[in-house]
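When a residue number appears, it is its place in the shown sequence, counting from 1.
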Amino acid sequence: MDVGAPMSWFEANTQHWDDWSLDDLLAAKGATTVSLVVPARNEAATVGDVVTRVREALVDTVKLLDEIVVIDSDSTDDTYAVATDAGAVVHRSAEIRPDLGSVSGKGEAMWKSLFVTTGDVLVFMDADLVDWDTHFVPGLLGPLLTRPDVALVKGFYERPMVQGDDVARFEGGRVTELVARPLIALDFPELSGLVQPLAGEWAVRRSLFERLHVPTGYAVELAALVDTVGLVGLDAIAQVDLGRRAHRHQALRDLGAMATQIVAAAQLRRGARDPLDHRDVVLRQYHPVGDGIEPVDRVVPVGERPPASGFAE
């Protein structure tokens with residue numbers, strides 16, 4: 001880069017989790033309140049560890065978080081009880097603002113969290129983490145607490161996945177590499193500096209998130225990025241290297257449903273779909289049966305919630 005030339009977005013807005021000490025963040029936090037939100041569906045095996053470790057490190061030891069809230073999205077296992085025992089405030093998504101109805105999905109749980117949390121800043125973490133550390137939270141908060149121009153922070157990390165003799169380091173997941181990156185290259189190239197655009201660990205100012213349209217399913221992360229650029233510009237987004245993260249991998253057919261939701265959200269944002277079109281998509285997949293195959297139709301919801309700021313308590 002030439003001396004005096006403007007820094008690229010990547011250079012100016014990419015940081016590392018240990019660029020700030022906890023003392024730095026506590027001083028910068030001041031009167032700002034922070035809510036950790038963990039959307040969860042059938043994550044009884046891991047959600048307790050996520051809540052316990054974060055509570056002990058960032059609530060009991062230092063007061064970086066003001067509340068830890070788990071949004072249980074129609075779990076059929078013991079997610080609710082495990083998260084409660086670990087010290088989180090737990091809400092069933094379907095019971096939050098029942099007057100607004102309920103849809104099953106990650107994005108729905110995150111949108112509903114706006115009605116039961118109090119933080120000026122919301123930090124989102126997935127509930128299925130198995131190789132991670134509590135520095136994820138302060139890492140995501142760093143740019144938001146120290147830079148008033150930043151409104152949304154994405155995490156990225158090494159995702160250990162051995163493939164033969166190769167270890168996939170800073171690759172995203174399969175939906176990221178096969179769907180999200182090509183869509184970004186074609187339709188939203190301004191977002192090409194994001195290392196992992198679909199990462200489930202991210203943070204956002206409430207004042208921004210409550211203005212966003214939120215897909216009820218898996219597309220919430222991509223939609224938030226595209227819409228943030230439209231509302232407040234690319235420079236309001238930062239990203240932080242969080243180190244290493246591992247989680248449970250989804251079955252390939254389940255990834256097909258996730259990919260469908262990503263494509264639907266992208267279509268909507270480039271004007272190829274009517275914003276009022278909340279129909280479900282029927283995704284036809286093929287399953288082996290004996291010596292043959294049979295078609296199996298999967299209904300994939302592609303609806304979105306309007307900005308939460310439009311709903312009075």
Side-chain angles (χ1 to χ4, degrees), residues 34-51 54-55 65-119 121-129 198-204 206 208-224 227 247-248 250 254 257-258 260-262 264-265 278 280-281 298-313:
V34 181
S35 301
L36 175 68
V37 177
V38 183
R41 177 180 170 84
N42 293 333
E43 303 292 356
T46 52
V47 69
D49 180 64
V50 170
V51 171
V54 172
R55 176 181 53 76
L65 291 175
D66 295 278
E67 61 181 355
I68 300 175
V69 179
V70 171
I71 309 295
D72 183 4
S73 181
D74 304 318
S75 294
T76 56
D77 67 1
D78 291 331
T79 292
Y80 188 100
V82 170
T84 300
D85 290 344
V89 175
V90 187
H91 296 272
R92 291 186 173 89
S93 180
E95 296 175 357
I96 301 171
R97 289 299 300 269
D99 58 305
L100 302 178
S102 180
V103 180
S104 180
K106 178 182 181 181
E108 171 82 352
M110 295 165 73
W111 183 77
K112 285 285 189 75
S113 75
L114 284 166
F115 300 104
V116 293
T117 55
T118 60
V121 171
L122 304 177
V123 180
F124 296 110
M125 283 182 58
D126 285 344
D128 62 348
L129 303 181
L198 302 187
E201 283 62 54
W202 57 291
V204 62
R206 175 182 294 272
L208 171 63
F209 192 49
E210 65 186 7
R211 296 170 60 196
L212 302 183
H213 288 78
V214 179
T216 57
Y218 182 70
V220 56
E221 278 87 10
L222 179 65
D227 293 351
H247 65 110
R248 178 171 47 83
Q250 301 280 351
D254 292 336
M258 295 176 180
T260 300
Q261 292 175 330
I262 294 289
H278 286 255
D280 293 334
V281 170
R298 165 177 263 172
V299 177
V300 181
V302 295
E304 300 197 2
R305 288 291 198 172
S309 59
F311 296 92
E313 288 293 338

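Residues meeting the side-chain contact (heavy atoms from CB on, under 4.5 Å) test with S35, sequence neighbours left out: E67, T117, T118, L122. By the side-chain contact (heavy atoms from CB on, under 4.5 Å) test, T79 pairs with A40, E43, A44, V47, D72, S75, D77, sequence neighbours left out. The side-chain contact (heavy atoms from CB on, under 4.5 Å) test applied to A88 returns V51, I68, V70, V90, not counting sequence neighbours. The side-chain hydrogen bond (donor to acceptor under 3.5 Å, both in side chains) search around E108 returns R305, not counting sequence neighbours. With sequence neighbours excluded, the residues satisfying side-chain hydrogen bond (donor to acceptor under 3.5 Å, both in side chains) with D49 are R53.
Across all their heavy atoms, L114 and E210 have their closest contact at CD1-CA, 3.9 Å. Of all the heavy atoms in S104 and S73, the pair that sits closest is OG-OG, 4.3 Å. Smallest separation of non-hydrogen atoms from L65 and V54: CD1-CG1, 3.4 Å.
One distance of note links CD1 of I71 with CZ of F115; it measures 11.0 Å at 0.5 Å rounding. Atom CZ of R97 and atom NE2 of H91 lie 13.5 Å apart (nearest 0.5 Å).
Judged purely by distance below 3.5 Å, without hydrogens or angles, the side chains of D74 and S93 never pair a donor atom with an acceptor atom.
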Side chains of residues 215-224: which donor-acceptor partners sit under 3.5 Å, not counting sequence neighbours?
from: T216; atom 1: OG1; to: G303; atom 2: O; distance (Å): 3.4
from: E221; atom 1: OE2; to: K106; atom 2: NZ; distance (Å): 2.9
from: E221; atom 1: OE2; to: W202; atom 2: NE1; distance (Å): 3.4

Assess whether side-chain contact (heavy atoms from CB on, under 4.5 Å) is satisfied between L129 and T46, documenting all intermediate values. CA-CA 7 Å; L129 303 181; T46 52; over 6 Å; no
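Looking at R41 and D128, no side-chain N of the basic residue comes within less than 4.0 Å of a carboxylate O on the acidic one, giving no salt bridge.
When atom types are taken as modelled, the side chain of W111 and the backbone of L212 share no donor-acceptor pair closer than 3.5 angstrom.
Proximity of S102 to K112: side-chain heavy atoms (C-beta onward) are separated by under 4.5 Å at one or more points.
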